[in-house]
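Structure first, then comments.
In listed order, ligands and their atoms are each counted from 1.
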Amino acid sequence: MSESVLPVFQRAPLCFERGEGCWLYDAHGEAYLDAGSGIAVTSLGHAHTELVDVLREQAGILWHTSNLYEVAGQKTLADMLVDATFADTVFLTNSGTEAMEAAVKMARRYWHVRGQKERKTIVTLEGSFHGRSLGMISAAGSRKLVDGFEPLLPGFVQIPVGDVDSVAAVLDETCAAIMVETVQGEGGIVPLADEYLQQLRELCDASGALLILDEIQCGAGRTGKLFAHEWAGITPDIMGIAKGIGSGFPMGACLATRDAAIGMTAGTHGTTFGGNPLACAVGAKVLEVLRRHGFLSHVQEVAGSLRDGLDALVADNRDLFDCVRGRGLMLGLKCRVVNTDLIAAGYAGHLLTVPASDNVIRILPPLIMTGNEAGMVLERLKGAVVRYREGCRA
Ligand SMILES: *Cc1c(COP(=O)(O)O)cnc(C)c1O
C-alpha cells in the first residue's frame, strides 16, 4: 500500500479514468453506473458538454487575478444567485467548509456590530456535518469527528433533531444563530420536517437569532427544488452551498440577506482563490442549467420512480433494509445489515453508491439521470442484494 497519499480515506479498490453522463469507466473500459455523484457533487453528470465548453473557454482567457481587483465572473454568478434565492449578497469560496466558516463568522459579526457582544453561541443539531475545519468539527461535535483533535472551539451547542422544546431552551440572549442542514447528509439522509423548519424560523424571528442553513449537499437542485428549504416555504438569513453548484469544479458560496451581512465590511474576511474566474464560469453555467424550464420537474419525476422502486426493494427485503428516507434525488436506504457490505456487493455489479452514518446507503445520482438509468440503478441494487445473500461481502 502506498502511503505517499496520507491514508485518511477508506477507499474502495476502484479507480476511474473517464466519465460521461451517469457513467464512469475504469482503466479496462468497464462501465460503472454512478448513483453517488462523487458525494452529491457532479450534479450535471460527468463531462457535461456545456460545462466542458465554458471551462475550456475561460481557461484560454484568464485563470486568476485575486480579490485585489474586480472579478467580472463573480458579479455574474452572485447576481444569478441573488436573483434565484432569498439572498441579497454572496461570498464565494472554494469549498463547503469555507462557506460554513463564513456563515458562522458572519453571524458572530452581526451581533458584534449591533453592540450585543455576548451573543456568540451557535446552536447546531446532533448528527450534523458542516465540514472538517476545527471550527466546523467543533460545530458538529460528534465523537467521530473530534476525537483526538481537541481542544475544540467554544461557542457551539448541539441539540437533538426535531425537538422544538430543546431549541426554545437554548435560544437566549447569548445565542447568535441556529445552524442546520435542511437535509442531513453525512448523518444518514435525515430530512428536517417542513413543520420543524417552520418552527425554527419562527423561534429565530422571536428571539432575533439568525437562521443559517447548510445546503452544501441538499442544495443546487438535489431535492427537486433549487434549494431544499423551498419545500418548507421558509427562507434562512444565511446559507452555505457548495458540492453540486460546481458539478465537480471545487467551489462554494455563503449567501445572506443584506441585514445578516451587515458586519462583513472590507477587511473583515477574505480568500485567495474563492471566486476564481474558472469556478465562477462553471458555477454560472450550472445554475443556468438548473434553472432551465423543466429541469427540476425532471429531477422530481425521476426521483419519484426511484423512490417507488426503493420502497418496493425494502418491502421485499425486510431482513436487509429498514426504510427509505430523503427527498428528491437525495435518498437513503437504512440497512439492517452492514451498509458497506451491500455497497461492496453493488460495486461487484458495477453500481456506485455512498455510505453514510447510521448504517445508511446514500443514493445521489446526477440530476440528469434518465428514467431508464434510474431503472438500472434499481436493477443493480436488486443484483447487489442477490450477491450479498450469496455471501459477497466487503
Ligand atoms: C460536504 C459537506 C460539507 C463540507 O464541504 P467540503 O467541500 O468538503 O468542505 C459541509 N456541510 C455539508 C452538509 C456537506 O455535505
Side-chain angles (χ1 to χ4, degrees), residues 6 8-11 36-43 91-107 122 124-142 144-146 149 153 156 158 161 177-192 197 211-223 227-229 236 238-255 271-276 279 282-283 286 325-332 353-358 360-364 367:
L6 190 72
V8 291
F9 299 101
Q10 253 158 1
R11 297 178 196 271
S37 304
I39 321 185
V41 168
T42 49
S43 49
F91 177 77
L92 294 160
T93 68
N94 311 292
S95 69
T97 304
E98 289 165 277
M100 298 319 294
E101 286 279 346
V104 168
K105 287 180 73 175
M106 187 182 281
I122 311 288
T124 66
L125 295 181
E126 289 170 5
S128 62
F129 181 82
H130 301 294
R132 295 284 190 163
S133 64
L134 276 169
M136 292 308 103
I137 64 172
S138 302
S142 69
K144 187 179 145 192
L145 290 172
V146 306
F149 296 117
L153 261 66
F156 295 99
Q158 294 87 27
V161 176
I178 300 182
M179 179 166 89
V180 302
E181 291 160 84
T182 318
V183 181
Q184 290 190 336
E186 302 304 305
I189 310 291
V190 181
L192 303 190
L197 285 164
L211 180 61
I212 303 173
L213 293 181
D214 180 340
E215 294 220 5
I216 287 161
Q217 194 161 149
C218 63
R222 177 69 29 206
T223 66
F227 293 102
H229 63 266
I238 304 173
M239 177 170 75
I241 67 171
K243 291 198 167 92
I245 191 64
S247 196
F249 200 93
M251 65 176 305
C254 177
L255 286 63
T271 165
T272 297
F273 294 128
N276 170 291
V282 175
V286 172
R325 58 197 188 201
R327 203 158 215 178
L329 289 176
M330 184 171 185
L331 294 166
T353 59
V354 181
S357 295
D358 199 30
V360 163
I361 298 173
R362 271 181 284 184
I363 297 157
L364 309 159
L367 307 180

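Listed by number with element, the atoms of ligand 1 under 4.0 Å from a non-hydrogen atom of Ser95 are 7 (O), 9 (O). Heavy-atom contacts of Gly131 reach the following atoms of ligand 1: 4 (C), 10 (C) (cutoff under 4.0 Å).
Checked for salt-bridge contact, Glu186 and Arg362 meet the test: a charged N lies under 4.0 Å from a carboxylate O.
Put simply, the side chain of Met136 reaches to within 4.5 Å of the side chain of Met179, judged on heavy atoms. Looking at heavy atoms from C-beta onward, Ile212 lies out of side-chain contact with Met239 at the 4.5 angstrom threshold.
Residue contact annotation: Met100 has no non-hydrogen atom under 4.0 Å from ligand 1.
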Original post:
How far apart are the C-alpha atoms of Glu98 and Thr271, what are their side-chain angles, what is the distance that settles it, and do they pass the side chain to side chain donor-acceptor pair (under 3.5 Å) test?
Top reply: CA-CA 9 Å; Glu98 289 165 277; Thr271 165; 4.5 Å; no
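Considering all non-hydrogen atoms of both residues, Glu181 and Ser128 come closest at OE2-CA, 3.2 Å.
For Pro355, the side-chain contact (heavy atoms from CB on, under 4.5 Å) criterion is met by Asn339, Thr340, Ile343, not counting sequence neighbours.
Residue contacts with ligand 1: Ala242 is placed with no nitrogen or oxygen under 3.5 Å of a nitrogen or oxygen of the ligand (distance criterion only). Taking distance alone, with nitrogen or oxygen atoms compared against 3.5 Å, Glu98 stays at or beyond that limit from ligand 1.
The shortest contact between atom 7 (O) of ligand 1 and any protein heavy atom is with Gly96 N, 2.8 Å. The protein heavy-atom contact nearest to atom 11 (N) of ligand 1 is Asp214 OD2, 2.8 Å. Counting only heavy atoms of the protein, atom 9 (O) of ligand 1 lies nearest to Thr97 OG1, 2.5 Å.
We find the CZ-SG distance between Arg327 and Cys218 to be 10.5 Å, quoted to the nearest 0.5 Å.
The closest heavy-atom contact to atom 14 (C) of ligand 1, among the options Lys243, His130, Glu181, comes from Lys243.
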